[in-house]
Structures are given as C-alpha cells and as structure tokens.
Amino acid sequence: MSNRLAEETSPYLLQHAENPVDWYPWGEEAIARARDEDRPILLSIGYAACHWCHVMERESFEDPVTAALMNDRFVNVKVDREERPDLDSIYMDAVVAMSGSGGWPMTVFLTPDGEPFAGGTYFPPERRHGMPAFRDVLESIAAAWREQREKVLESGQKLVEHIRSSADVQPAEGALTEDIFAGAYENLVLSFDHEWGGWGRAPKFPNAPTLEFLLRRGEREMTVRTLDSMAAGGMYDLVGGGFHRYSVNPTWLVPHFEKMLYDNALLASCYLHGFLVHGDPRYRQVAEETIEYMLRELSLDGGGFASAQDADTDGVEGLTFTWTRSEGVPDALLHHFEHDRFIIRGALDEELRARLFEEREQRPKPARDDKAIASWNGLALAALAEGARVLDRADWLAAARAVGEFLLGPLSTPEGRLHRTWRNCVAKGTGYLEDYADVANGLYELHLATGELRWLEESHRLARLAVDLFADDERGGFFATPVDGEQLVARKKDFDDHPAPSGNAMLAYVLLRLARIWGDAELERRGESVLRLLAAPMSRVPSSFGWALVALDLHLSPPRELAIVGPHDSDVARAALADWDPRAVVAFGPSGEVPLLEGKELVDGKPAVYVCERFACRAPVTDPAGFARST
C-alpha cells in the first residue's frame, strides 16, 4: 500500500512511497496534524543519489517495527533537499549547531511550529560505532516531548534564533581592496594539500569555485596540482568521463560514486579554463569528456539535464564503475576498492578506453534522478555554451540553445518567474535565489556563444527580477527565498559555496557584469553589497567563498567592455574573444536598447569590435590583425 508520497514527482520521494512509514510531503496537512494531535514532527531530508539515504531506508524505513514506532509517536515528513534547499539549509544549520556536523540523510525533530529541537544524520538500526540505535533515538525524543516539554520548546527557540542570525551579518565599512586577496591566498596555501591538491583531507570535495578564483589570478602550483590529481582516475571516470561526487580519501582515488550535474558542469568549466590558462591539452580532454558525459547520460527530452546518477547499482555502491581482475584491465591500472572490485587509475590509450567503455555499457546502470533543477541547469548551460564557443562545437551550441529554451519555457511561469524543478512535464516550486542567479549567468554565456540579443536581455530581466524578489534593502545581500515565498521559521541568507557557488556570490557576479553593460550604478551597488558582507570571511576562510572572490576579482578589475556588432562567428569577433579574459564584459549587437551597444553600427558594412572603458570607446576594429594590435 502506498503512502502520500506516491502523488509526488521527486524520484527521492517516490523511492519512499511504498514504505510502511506514514510519510507526508512537507506542507500544511502535516503541520496541521502535528498541531491537532500535539505531536512532534520527524523530518527526514535526503536526495535520490544518496547512498546512506538508501541504507537508512532499507534498515529502518522499510522495517515494520520501526515504522510502527515512527507512526505512533510522530508526524513523519520526507523532503527532497534538491526540491527544497530552503528547508535543507535551515535544518542543516540546526543539526550542525546541535551535533557539530551535518550530512544526509538528515533526521530532525521539530515542534508543530517547525522549530528544531533535536536531530542528527544517519542512525543505524542497532547501536554501533558510537552511534545510538534509531529506535532508541525515537523513544528518547518521544519521551522528552512528553515529559520535558518546556526544555524542548526552549531548545527550539534558541536554535531558531541561531539560524536567524545568518541574516544579521553587517557590511564592511570603507573600500574593498586587494588586501582581501592577499589574506585569501595566504590561507589557501596554509590549508592546501601540496601532495595531492585540493583543500582538506578526507572526505575531499572538488572545490571548483576556489579553482576558478585562482585561475583568474594566474596561480599555477595549486591549480595544476589539483587539476592533475583529480583527473588521474578514481573520482574522475577515466572510462566514461565525468566526475563522481567526492573522494573518501585524500588522494582522489576512492570516490563516493554518485555523479551530480552541478559538479560536472562546474568542473567542465574549470578544466576548460585550466586549458586556456596553462595550455595543457589533457585539461581540454577532461573538459570535453565531462561535457560529453553530461550530454550522453543526463540529457532529458525537451532540452534540459537530469540532476544526478545514483551511487548504487542494484543496491551495490559503485557496481557499474568498478572492475574485477578477470575483465581485461591491465593490473597496473587496478587499485583496490572493496571485496574483489577495483578502481581504474592511470593512463588509458584511446583503444583501451573505447573497449572498456563498450564493455561497461553492457552492465546495468545506476538509477538516474531525472528531475531538472533550474539552478543546476543554469550551471550546465554556462559550461556548455562556453565550451561550444571556445572549442567551436556546433553540436554543443545546439544543445545549449535547447537548454536556454527549456529554462525560459517549461521551467518558467507564464509571468516569467522561475520554477525550481521539472519532471515528466510537471514544473513545481518557487525559484530560489540560486536558481535566478545561475540561470541568468547561463543565459549571459549563451549570448556570448550565439551573439543572439535575446539571451542577454533575458539574463538582465531575471537578474533585475532577482533583486526585486530577494534583496535585503537594509543590510545588503540577498535572502535565499523570495519575499512572497512560504514563511518558514527563518528567512536565511546563504553565503558559502556548497560546493556550487552560493546564490549571493553568483548573483553578485552576474549583477557586476550586467552593470558594466547597462552602465547601471544600482546593479553595481547591489552586487557590491554582497562583497561587503563577505569581506572578512573571504580573507579568513577563502575555500568556502571562492565564487565571492571571483566576483570581487571582477569588481576590482579595471573596466573593460567589448561591444561587438555583427555575427558572433565573424573573424574579428573570434579574434576579440580568442584569449580568455574573464574580467571583460561582452555584448553583441546592434541594439538601441542595450546602453553599451547604443549607437554602434557595422563599419562600411563590416563587423566591428568597439573596445571601451566605462563606455569611453576606442575607434572600432574591423580587421582581426588590427584588433590584435589594438589590445
């Protein structure tokens, strides 16, 4: 017999639709029952590709005895963290405050008013490794609710006050200066793994925003060490392309096998930029293979991308991606994973890679979370469009246009606002700050790749709409949820990369780019307001604020605008964009509606590039060689 989750579209929620647990989706029905029956809410948050979420489901949520205890003592609510990042962020803050760490599956106990008072992550069915048994946790929480109500309510109120404090950060006074970069660089060196690259020990996550910042600054040692080590095999799939979620050890060898769209989009861009900065053809190859992986495994009918591939195949973690000694892989390439299965690391020639790929294609594949998420599709669009432009891939450009149409079509409301998710022709949920920021950024990159004015205008429209919906006019920066969104126990601001760029950092970056194209001081002020809130943490904990550092790098750079009139693939346009210059802003025209393009025309019928600084422009360049000399 199915529970209420059978009516949902999220693959994660549908995975739990046959549980004996009386699950509710998040909503007023569950909250009303908790109030009417004076019960605490058991909130369980996870996502479809999460290995330990599957484990806890098998051990506890499919167990009739455990389910009966949950149903008797609690109102049980299941949430897909990818559908509701607002809930995930609020209650993750609570769990970290209570336990010192977080992760998924996340288990949080709430009052009927939504205030968290106890919680953790994965709980085993029996006590082990210092973790209490899940049933014991349920009994103790239920007893505390009955017998220590005043203490429970006081704990919930204190936690909510702590969560709300994230929105109370005060902006820095005075000018933002290059001194922030000096402090950031010093702290990045201190925390850098000089042997294997990356920051931290284990588990080790790919930190694309920090790499992007360092690549923009021309740094070599940390970027090369990290890019080389991550691509050596293990976390990077040498056979099929694309990156797994993270490495469980410092060497990037043993991955957590889920593959996420946002990781692959961000890392494809990193390796493309690594190729442009350092000239290593291996980085170009990794970027190409990663984008080909996204198109092959994650493309959806209709133009968008699915969210993820699972860590497990047929209930076994990494089964699709690991090998035995009897499958023809040279022993020198095999590195032990567990039991009799191995991970491939080392140099694969193309013939061997193709043979192994064809063999692997005959295996069962991990489940795919086939819901499309607006923000992640925005990141994928940016990677795909820039890759198409830089590597001259017409097939990728066609795919990028399809993603742009998908975002502005099925993933948008008739009024032009963004939905959060789409699956099986059903769009759901409000768009959050990160959705507007990432989609606006992707549309801008699509404008650069196509020269089509529509994408630039839509990027500008969504960015301005984001200011209207999310801005904090009092302290600066942006809330994660829209002003007319659901009223939760707290309205938060999220600033740190996790590991995708925070909505605040990405929107600041987008606003600063568009401000230079439109000559809009208000957009610039709004973008700068984010950087003022993060001046201290950018310097002190730079690995958590890499994309804010990217935005600051743009903000402090000398203004350089390129107004290009004529086709995007003209020789002079190609010459103007031949070198990677992430601090320049570019707009294609002609247009009388975009201030940077206003009054700029073809020259004697030829495409022309106008190089400007704060709208003061040099003589137009029509000859590619002349353009090269002019710069």
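A salt bridge links Lys158 to Glu154: at least one charged side-chain nitrogen sits closer than 4.0 Å to a carboxylate oxygen. Using a 4.0 Å cut-off between a side-chain N of Lys or Arg and a carboxylate O of Asp or Glu, Lys428 and Asp80 do not qualify as a salt bridge. Look at Arg417 and Asp484 and you find a salt bridge, because one of the NZ, NE, NH1 or NH2 atoms lies within 4.0 Å of a carboxylate O, short of that distance. A salt bridge is defined here as a Lys NZ or Arg NE, NH1 or NH2 lying under 4.0 Å from an Asp or Glu carboxylate O, and Asp369 with Lys259 fails to meet this definition. Ion pairing of Arg423 with Glu82 is absent here, as no side-chain N (NZ or NE/NH1/NH2) approaches a carboxylate O to less than 4.0 Å.
Aromatic pair Phe74/Phe109: ring centres closer than 6.0 Å. Taking the six-membered ring for Trp and the full ring otherwise, the centers of Tyr509 and Trp547 sit less than 6.0 Å from each other. Aromatic ring centres of Phe337 and Phe342: separated by at least 6.0 Å. A distance below 6.0 Å separates the ring centres of Trp422 and Phe406.
With a 6.0 Å radius and a threshold of 12 heavy atoms from other residues, nucleotides or ligands, His339 has its NE2 atom at or below the threshold. Residue-environment remark: CD (Gln170) exceeds the threshold of 12 foreign heavy atoms within 6.0 Å.
Shortest non-hydrogen contact noted between Ala184 and Met538 is CB-O, 3.6 Å. Scanning both residues, Gly234 and His244, for their nearest heavy atoms gives O-CD2, 3.4 Å.
Using modelled atom types, one finds no donor on one side chain facing an acceptor on the other under 3.5 Å when comparing Ser10 with Glu8. Asp86 and Thr481 share no donor-acceptor pair across their side chains, judged by distance under 3.5 Å alone.
With sequence neighbours excluded, the residues that form a side-chain hydrogen bond (donor to acceptor under 3.5 Å, both in side chains) with Asp193 are Arg201, Lys204.
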